[in-house]
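Quick caveat, the model's predicted, so the values are computed rather than measured. Along the sequence shown, residues are numbered consecutively beginning with 1.
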Amino acid sequence: MVLLDPDARPIIGHRGAAGECPENTILSFQQAVAQDADGLELDVRISADGVPVVIHDATVDRTTDGRGEVRALPVCDLERLDAGNGQHVPRLLEVLETFPDTALIVEVKERAAAAPVADLLRRCSAVGRVLVGSFEMAALGPFPAAEFARAAARTQVAVFWGLSRVGLAARARGYAAFAVPVRHGSLAVVDRRFISAARRRGKPLHVWTVNDSSVAKWLRSLGVSGIITDYPGRIRRALSS
C-alpha cells in the first residue's frame, strides 16, 4: 500500500478536498480523487445506534445545519442533515464502497467507534488499504498491529520525537507509520532529525495539514513521505513544477 511505502510520495486529501468542498463528504472525496490524490484522510465517530459515520467534530453544529452530539443521533437522522452543497454525513461503509480501490487514513475520534470500525473494515475486505490512527492509544486496541496498519498514537509520537532530539531512536513497535502535524502550537514537530529517525526505522511520515506550496516543497526536500492537504490538486501541481 502506498501509505506504508517509505519511498512513496503520496498526496493525501485531508477530509477529501476540504478546501474546495464540504469536508468529509462524498463530494469532497470525489473531488480529491478527481485531482489524482493518492489517498484520502477521514475522521470517524459512532452514531447513537452504533454505526461508524464520517465526521470530525463531536457535534454536528459546525459542519451541518443540525445541532447536537453525533453519538446522540441515530444514523438516519445524521444522514438527513445538510453538510453543505446538498451533501450528507456519510457512513464509513458508503465511503468504502464508493472508493473501493483508494488508500485511506482513518482517524478514529473516539473509543466507542473503534471496535465497530475494525469489524466493518474486516467485513469489507478493506484492512489492506487502510492506515488506522487515533490520538488515544486505547482507541487502537481493537486494531491488532499484526492485522491492521496503525499510525503512531500521540504518546508514541512524543516518545519517538523526544528520542530523536538526542540522536536515539525508539524501537517503534506497534505502529507502521506516522501521521503528524507540521507544528503543535509553537513546537516544530517535523524537522530533519525526526524525519531521519523515521526513515531509519522504515516508518513513512505523513504530515498535515499542508496547504502552502512552499511548505510542501520544503517538506519533500527533507524526505517527508505523504503530504496531507485540503487542496490536493494545487499541491500536486506545485510539487510537479
**Study point:** Nearest-0.5 Å distance, CZ of residue F178 to NE2 of residue H206
**Key:** 11.0 Å

Study note, to complete from the structure: By side chain to side chain donor-acceptor pair (under 3.5 Å), R15 pairs with (sequence neighbours left out) E23, D43, H56

Review point. With sequence neighbours excluded, what pairs up with D212 under the side chain to side chain donor-acceptor pair (under 3.5 Å) test?
Key: S214

Review point. So how far is it from N24 CG to T63 OG1, rounded to the nearest 0.5 Å?
Key: 8.0 Å

Practice item. If you link ILVMFWY side chains whenever their heavy atoms are less than 4.5 Å apart, which other residues fall into the same cluster as V70? By chain and number, please. Key: V51, V53, I55, V60, L73, V75, L78, L81, V89

Point to revise | N85 side chain reached by L27 side chain, heavy atoms, under 4.5 Å | key: yes

Practice item. Verify the cluster assignment for V130 and V117: are they in a single hydrophobic cluster under the rule of side-chain heavy atoms below 4.5 Å apart? Key: yes

Practice item. State, yes or no, whether a side-chain contact exists between I12 and L40 at a heavy-atom distance under 4.5 Å. Key: no

Exercise for review: Sort and list the pairs that fulfil side-chain hydrogen bond (donor to acceptor under 3.5 Å, both in side chains) and have at least one residue in residues 103-112, not counting sequence neighbours.
Suggested key: R111-E136

Exercise for review: Under the side-chain hydrogen bond (donor to acceptor under 3.5 Å, both in side chains) rule, what do S47 and D49 come out as? Steps first, then yes or no, please.
Suggested key: CA-CA 5 Å; S47 68; D49 44 351; 2.6 Å; yes

Point to revise | salt bridge (Lys or Arg N to Asp or Glu O under 4.0 Å) partners of residues 2-13, not counting sequence neighbours, each pair once | key: D7-R199

Review point. Tell me, which pairs form a salt bridge (Lys or Arg N to Asp or Glu O under 4.0 Å) where one or both residues lie in residues 77-102, sequence neighbours left out?
Key: D77-R80, E79-R91

Exercise for review: Ignoring hydrogens and angles, tell me if any N or O in the side chain of S134 forms a donor-acceptor pair with the backbone of A139 under 3.5 Å.
Suggested key: no

Point to revise | F135 reachable from V157 in the ILVMFWY side-chain graph, under 4.5 Å edges | key: no

Check your understanding: For V189, which residues count as a side-chain contact (heavy atoms from CB on, under 4.5 Å) partner, sequence neighbours excluded?
Key -> W161, V180, P181, H184, F194

Review point. With sequence neighbours excluded, what pairs up with R67 under the salt bridge (charged side-chain N to carboxylate O under 4.0 Å, His left out) test?
Key: D61

Practice item. Give the cluster check for I235 versus V215: same hydrophobic cluster or not, with ILVMFWY residues linked at side-chain heavy-atom distances below 4.5 Å. Key: yes

Point to revise | Any donor-acceptor pair under 3.5 Å from S28 side chain to T25 backbone | key: no

Point to revise | Close side-chain approach of F29 and V54, heavy atoms under 4.5 Å | key: yes

Review point. For residues 220-233, which residue pairs qualify under side-chain hydrogen bond (donor to acceptor under 3.5 Å, both in side chains), counting only residues two or more places apart or in two chains?
Key: H14-D230, N211-T229, N211-D230

Review point. What pairs of residues pass the salt bridge (Lys or Arg N to Asp or Glu O under 4.0 Å) test when at least one of them lies in residues 28-38, not counting sequence neighbours?
Key: D38-R236

Check your understanding: Looking at CG of L96 and CG of L104, how far apart are the two atoms once the value is rounded to the nearest 0.5 Å?
Key -> 6.5 Å

**Study point:** Any pair counted as side-chain hydrogen bond (donor to acceptor under 3.5 Å, both in side chains), so long as it reaches residues 140-157, sequence neighbours left out
**Key:** R122-E147

Review point. So with a 6.0 Å cut-off around CZ of R183, is the heavy-atom count from everything else above 12?
Key: yes

Point to revise | same_hphob_cluster(L222, F160) at 4.5 Å side-chain heavy-atom cutoff | key: yes

Review point. Cluster question for you: counting only ILVMFWY and a side-chain heavy-atom cut-off of under 4.5 Å, with indirect links fine, are L4 and V132 together?
Key: no

Check your understanding: In Å, rounded to the nearest 0.5 Å, how long is the span from CD of Q31 to SG of C21?
Key -> 4.5 Å

**Study point:** Side chain to side chain, E20 and Q35, heavy atoms closer than 4.5 Å
**Key:** yes

Check your understanding: Would you find a donor on one side and an acceptor on the other, under 3.5 Å apart, between the side chain of R45 and the backbone of P52?
Key -> no

Check your understanding: Stepwise, does the side-chain contact (heavy atoms from CB on, under 4.5 Å) test hold for V106 with L131?
Key -> CA-CA 6 Å; V106 174; L131 176 64; over 6 Å; no

Point to revise | Residues which pass ring pair (Phe, Tyr, Trp, His ring centres under 6.0 Å) with F143, listed by chain and number, not counting sequence neighbours | key: F148

Check your understanding: Under a 4.5 Å cut-off applied to non-hydrogen side-chain atoms, are P6 and K203 in contact?
Key -> no

Point to revise | Inter-residue atom distance I105.CD1 - R129.CZ, 0.5 Å rounding | key: 13.5 Å

Review point. Are side-chain heavy atoms of V207 and I228 found at a separation under 4.5 Å?
Key: no

**Study point:** Heavy-atom donor-acceptor pair, S241 side chain to A238 backbone, under 3.5 Å
**Key:** yes

